[in-house]
Colleague: 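Before I ask anything, here is the structure I am working with.
Note that ligands are numbered from 1 as they come in the structure, with each ligand's atoms numbered from 1 the same way. When a residue number appears, it is its place in the shown sequence, counting from 1. Atom set for the values below is all heavy atoms of this structure, side chains included, hydrogens, waters and symmetry mates excluded.
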Amino acid sequence: MTTDFEKNPGWLDWYADPSRPRFRLPEGAVDAHCHVFGPGAAFPYAPERKYTPCDASKDQLFALRDRLGFARNVIVQATCHGADNRALADALRASKGMARGVATVRPDVSDEELRELHEAGVRGVRFNFVKRLVDAAPRQDLLDVVERIAPLGWHVVVYFEAPDLPDLRDFFLSIPVPLVVDHMGRPDVTKDPDGPEFEAFLDFLRARPDIWCKVTCPERLTVDGPPALDGEQEAYRDVVPFAQRVVEEFPDRVLWGTDWPHPNLTDHMPDDGLLVDFLPHIAPTPELRHKLLVDNPTRLYWPDAD
Ligand SMILES: O=C(O)c1cc(C(=O)O)oc(=O)c1
């Protein structure tokens, strides 16, 4: 088995020495979207992966959590690990209850694996429709997965790009468990936040009260920044109106996370401390920020916490 992996040429490694955020996160804040990569020598990347990243271990993730001032993490299975959830489960177990997870499973996953994942802290599965990241799975396979995970009380996280929503909408609405949308459905932020494409996305969120939305990844969505680097306190201004619209209309079902270690960025690697400083721009009041960072993710991932 290969354990010696070479990251993609031009791969941008995560930012090694993030600044301490000026914005002080509320107590109990959850980084509700982040990943671990390998390390490849211990947890090999999947043969079917579309990219080979740099390593980003659980210890490095937990160090970032502590530096930024988060209490908890939600770790999302990255596509470079396919449906091999061992690195994820290892990180969840090591977190001692301070991390929950979102896994990738195939319809033939055993009951025992599902039980073990649940016991480790997994509370959802991820369906990915971004063509550069995965080969499309047949929709029937996904519905078969839903049937397997529904009894565990899990939800489905969906990652897709805005132009694909019209084709996916009815399928999503047929999924009989809560849905969580990654990265705001990837809007084109050069378009009008009040225009038809983003309105179609908001309308999808309105279709059911159990559709949640991650208002994440300004560093991925931005077109003209400025980037969260060199102390910039007004980063990613072009993304702000989109995220703010979602936060204000759906304050009780928005989530936020760093997306560390930021796979596949090609332009720049953000300083994660400055990414945290982006939060007051999209959630302008302490009440909105408390819902976004504490109440909502705690309700979804730690419903029994007091
Ligand atoms: O846009 C991406 O490249 C990306 C990739 C992955 C993954 O590979 O799982 O996860 C993300 O949240 C975003």
Side-chain angles (χ1 to χ4, degrees), residues 5 7-15 30-40 43-58 61 64 73-89 91-92 99-106 122 124-137 142 155-165 179-189 212-223 236 239 242-243 254-270 272 275 297:
F5 292 97
K7 62 191 176 187
N8 279 16
W11 184 267
L12 295 184
D13 293 2
W14 43 275
Y15 196 93
V30 180
D31 177 350
H33 186 100
C34 50
H35 310 281
V36 287
F37 294 154
F43 301 107
Y45 299 112
E48 72 273 24
R49 71 191 179 280
K50 303 281 188 197
Y51 63 85
T52 306
C54 65
D55 288 336
S57 73
K58 60 180 186 284
L61 174 65
L64 179 78
N73 296 102
V74 179
I75 308 175
V76 177
Q77 172 78 348
T79 58
C80 56
H81 279 294
D84 176 350
N85 296 290
R86 281 175 297 173
L88 170 67
L92 297 178
R100 295 285 191 245
V102 174
T104 296
V105 301
R106 311 272 184 242
V122 169
V125 289
R126 191 183 201 201
F127 294 168
N128 205 312
F129 301 88
V130 177
K131 297 171 193 86
R132 73 184 156 79
L133 293 174
V134 287
D135 296 324
L142 300 177
H155 57 261
V156 168
V157 174
V158 290
Y159 189 22
F160 60 92
E161 295 175 319
D164 297 324
L165 180 58
L179 301 174
V180 179
V181 178
D182 272 345
H183 314 330
M184 273 194 296
R186 294 209 53 137
D188 174 350
V189 301
W212 302 64
C213 180
K214 293 182 198 162
V215 287
T216 36
C217 274
E219 73 286 6
R220 215 177 266 295
L221 299 174
T222 192
V223 173
Y236 313 126
V239 183
F242 293 84
V254 282
L255 305 167
W256 193 83
T258 56
D259 192 36
W260 187 90
H262 310 285
N264 301 308
L265 291 186
T266 52
D267 179 72
H268 69 284
M269 183 54 58
D272 294 282
L275 263 187

Colleague: Closer than 4.0 Å to some heavy atom of H35 - which atoms of ligand 1 meet that?
Modeller: 10 (O), 11 (C), 12 (O)
Colleague: Taking the six-membered ring for Trp, are H33 and H183 ring centroids under 6.0 Å apart?
Modeller: yes
Colleague: May I ask you to check whether F127 and H155 place their ring centres under 6.0 Å from each other?
Modeller: no
Colleague: Using 0.5 Å steps for rounding, measure from the CG atom of L133 to the OG1 atom of T79.
Modeller: 4.5 Å
Colleague: Within this structure, what is the CH2-NE2 distance for the pair W14 and H35, rounded to the nearest 0.5 Å?
Modeller: 14.5 Å
Colleague: Just checking Y15 against W260, ring centres under 6.0 Å apart?
Modeller: no
Colleague: For T79, is at least one N or O under 3.5 Å away from an N or O on ligand 1?
Modeller: yes
Colleague: Check ligand 1 against H33 and write out every atom of the ligand that is under 4.0 Å from a heavy-atom position of the residue.
Modeller: 12 (O)
Colleague: Considering only heavy atoms, does V76 approach ligand 1 within less than 4.0 Å through its side chain, its backbone, both, or neither?
Modeller: neither
Colleague: By number and element, which atoms of ligand 1 are closer than 4.0 Å to a non-hydrogen atom of H183?
Modeller: 11 (C), 12 (O), 13 (C)
Colleague: Just which atoms of ligand 1 are under 4.0 Å from any heavy atom in P263?
Modeller: 3 (O), 4 (C), 5 (C), 6 (C)
Colleague: What is the nearest protein non-hydrogen atom to atom 5 (C) of ligand 1, stated with its residue, atom name and distance?
Modeller: L133 CD1, 3.5 Å
Colleague: Which atoms of ligand 1 have any heavy atom of R186 under 4.0 Å away?
Modeller: 1 (O)
Colleague: Would you indicate which of K50, H262, R126 comes nearest to atom 11 (C) of ligand 1 when only heavy atoms are counted?
Modeller: R126
Colleague: Could you check whether any side-chain N or O of N85 sits under 3.5 Å from a backbone N or O of T104, counting only pairs where one atom can act as donor and the other as acceptor?
Modeller: yes
Colleague: Drop me the distance from F129's CZ to E161's CD, to the nearest 0.5 angstrom.
Modeller: 12.5 Å
